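What you see is a predicted model; the values in this text were computed from it and never measured. Just so we're on the same page: letters track the sequence lines, and every chain starts at 1.
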Amino acid sequence: MPELPEVEVVRRGLERWVSGRTVTDTEVLHPRAVRRHLAGAADFADRLRGVTLGPAYRRGKYLWLPLGNGTSLLGHLGMSGQLLVQPQNVPDEAHLRIRVRFTDTAAPAAGEAGTSAAGEAGGTELRFVDQRTFGGLSVHDCVPDGPDAAVGLPLPLAHIAPDPLEKAFDEDVFHEALRRRRTTIKRALLDQSLISGVGNIYADEALWRSKLHYDRPTAAMTRPRTAELIAHIREVMGDALAAGGTSFDSLYVNVNGESGYFDRSLDVYGREGEPCRRCGTLIRRRPWMNRSSYFCPRCQRPPRVS
DNA sequence: CCCCTGTCCTGCCTGC
DNA sequence: TGCAGGCAGGACAGGG
């Protein structure tokens, strides 16, 4: 599943291969992939026809491209989504859900399939592929004013907090919001209105690095503890980005950033029964919110009242 | 208003 | 061999 660093790789790929191109037509092959576009698949295609896509932006795991008319194209990869830039003659993927064609995507001359592309990205189309259809694309009005308006932030993202890699992320604001909540630290890390872009895996990784148990009450967080936790989240994300951030570089590669490297750099997630890399104690797994939490029982002491 | 649970979806893996 | 069931996960609707 794409974590924030992989989504950032996708953003870079979109910016390089898709931004600046003008849409001719859009094909929705599975209605669920546009379910967040409430007006339906036909309207979705109508709103994209003829527009030129702006720069690619990201907040947390959301991606968007302004359309220059007060609306933006919004995307989320969900659990299994990919955005691919493919030559037209490549056969459809098994789980192709949406296809976007561009004005520079020349149809191959009859009987002459596979001719060379006119421009660098010419001859390619954008494909949204998603096995489990948790992700999707949609078009929305942008927020009307403020700094978010300048980047065409889609209205549905107005309540999403900045992610820790953004300049706009304010550690003091986050800490105060954390202290106001009556909940536990891992729940808070997964709450998109407090901090975005942290999924189950990176939450466990950052908590392990910070020696914090997932069930610690947020009310017990001190300013230095919060600072340390944020620093560790940035580290985990930064390491992954450094490792996988170059895989978008070649054309025709999927911009999804799947590199396989990401999994290997994990310290606790998925390591039940294996020794903690700090103290050697065996890592444990606990069922948690219909998911799992991995932790070191020695480095990450549970709170007194759980 | 705040917090928490259930739900969406499909392929892979395990165990009977 | 085949099938049932568990698991994975982000985001959000709706319940308490």
Side-chain angles (χ1 to χ4, degrees), chain A residues 1-8 10-11 28-38 58-64 74-83 93-98 128-138 140 153-164 174 176-207 214-221 233 236-237 240 256-258 260 262-263 266 268-273 283-294 305-306:
Chain A
M1 78 262 59
E3 290 291 329
L4 182 144
E6 293 156 275
V7 178
E8 171 59 18
V10 175
R11 189 199 65 77
V28 176
L29 295 99
H30 195 305
R32 196 174 142 77
V34 294
R35 70 190 181 287
R36 291 185 188 90
H37 191 95
L38 300 180
R58 180 188 58 71
R59 170 161 291 182
K61 296 180 184 176
Y62 286 99
L63 295 161
W64 74 92
L74 174 64
H76 197 291
L77 303 179
M79 308 252 334
S80 52
Q82 298 170 273
L83 282 163
E93 291 75 9
H95 302 290
L96 178 64
R97 309 304 191 195
I98 301 170
F128 180 73
V129 176
D130 192 5
Q131 176 190 103
R132 284 183 251 186
T133 63
F134 272 55
L137 302 180
S138 48
H140 303 275
L153 186 80
L155 267 177
L157 301 199
H159 74 286
I160 304 288
D163 68 66
F174 173 67
E176 290 313 314
L178 206 55
R179 293 298 305 257
R180 277 195 297 274
R181 288 301 177 92
R182 292 293 172 264
T183 186
T184 51
I185 188 63
K186 186 171 169 183
R187 282 179 186 278
L189 287 182
L190 299 181
D191 185 332
Q192 304 296 297
S193 68
L194 295 177
I195 181 172
S196 65
V198 183
N200 195 46
I201 295 175
Y202 284 3
D204 280 3
E205 292 297 310
L207 288 169
Y214 59 89
D215 251 348
R216 271 183 78 98
T218 49
M221 289 295 284
I233 292 171
V236 172
M237 290 178 172
N256 129 354
E258 56 178 343
F262 294 87
D263 297 333
L266 299 178
V268 271
Y269 190 85
R271 296 192 64 239
E272 182 184 23
I283 299 298
R284 289 191 187 156
R285 182 181 73 88
R286 289 278 178 277
W288 185 85
M289 300 223 356
N290 294 322
R291 285 167 179 66
S292 295
S293 278
Y294 294 87
V305 191
S306 185

(request) Check the distance between dG10(C)'s P and D163(A)'s CG and give it to me in whole angstrom. (result) 15 Å

(message) Can you pull out every salt bridge (charged side-chain N to carboxylate O under 4.0 Å, His left out) where at least one residue sits in residues 155-164 of chain A? Sequence neighbours excluded, please.
(response) R58(A)-D163(A)

(message) My understanding is that only residues two or more places apart in sequence, or in another chain, count here; which of them pass ring-ring contact (aromatic ring centres under 6.0 Å, His included) with F134(A)?
(response) none

Please write out each protein N/O paired with an N/O of nucleotides 10-12 of chain B under 3.5 Å, distance rounded to 0.1 Å.
unit_1  : atom_1 : unit_2  : atom_2 : d
dG11(B) : O4'    : Q131(A) : OE1    : 3.4

(request) Report the distance from atom CD of E272(A) to atom P of dG6(C), rounded to the nearest whole Å. (result) 18 Å

(message) Give me the atom names and distance for the closest heavy-atom approach of S196(A) to I160(A).
(response) CB-CG2, 3.6 Å

All N/O pairs under 3.5 Å across the protein-nucleotides 2-5 of chain B interface:
unit_1 : atom_1 : unit_2  : atom_2 : d
dC3(B) : OP1    : R182(A) : N      : 2.6
dC3(B) : OP2    : R181(A) : NE     : 2.9
dC3(B) : OP2    : R181(A) : NH1    : 3.3
dC4(B) : OP2    : T183(A) : OG1    : 2.9
dT5(B) : OP2    : R187(A) : NH2    : 3.0

(request) Rounded to the nearest angstrom, tell me the gap between atom CG in D204(A) and atom P in dG10(C). (result) 11 Å

(request) Tell me, please, which residues at least two apart from A220(A) pass side chain to side chain contact (heavy atoms under 4.5 Å, CB included). (result) R216(A), P217(A)

(request) Using ring-ring contact (aromatic ring centres under 6.0 Å, His included) as the criterion, list what pairs up with Y294(A), not counting sequence neighbours. (result) Y269(A)

(message) The test is side-chain hydrogen bond (donor to acceptor under 3.5 Å, both in side chains); show your working for R32(A) and T133(A) and say whether it passes.
(response) CA-CA 7 Å; R32(A) 196 174 142 77; T133(A) 63; 2.9 Å; yes

(message) Just to verify, what does R291(A) make a side chain to side chain contact (heavy atoms under 4.5 Å, CB included) with, not counting sequence neighbours?
(response) N200(A)

(message) Holding to salt bridge (Lys or Arg N to Asp or Glu O under 4.0 Å), I want the full list of residues that pass it with R59(A), two or more places apart in sequence or in another chain.
(response) D148(A), E166(A)

(request) Check whether any side-chain heavy atom of D204(A) lies under 4.5 Å from a side-chain heavy atom of K186(A), and answer yes or no. (result) yes

(request) For G199(A), report the nucleic acid contact type (base, sugar-phosphate, nothing); a contact means any heavy atom under 4.0 Å. (result) sugar-phosphate

(message) Does the protein touch nucleotides 11-16 of chain C at the base, only the backbone, or not at all? Give it as B, S and - per nucleotide, heavy atoms under 4.0 Å.
(response) BS----

(message) The criterion is side chain to side chain contact (heavy atoms under 4.5 Å, CB included); which residues satisfy it with S138(A), sequence neighbours excluded?
(response) R36(A), H37(A), L74(A), H140(A)

(request) Could you check how far CZ of R32(A) sits from C1' of dT7(B), rounded to whole Å? (result) 10 Å

(message) Just so I know, are the side chains of D130(A) and H30(A) near enough to count as touching, which here means a heavy-atom distance under 4.5 Å?
(response) no

(request) Please round to 10 degrees the angle between the axis of the first five pairs and the axis of the last five pairs in the helix from dC2(B)-dG16(C) to dC16(B)-dG2(C). (result) 50°

(message) Using every non-hydrogen atom in the two residues, find where L266(A) and Y202(A) come nearest and quote the distance to one decimal.
(response) CD2-CE1, 4.4 Å

(message) My understanding is that only residues two or more places apart in sequence, or in another chain, count here; which of them pass side chain to side chain contact (heavy atoms under 4.5 Å, CB included) with R187(A)?
(response) T183(A), T184(A), W288(A), M289(A)

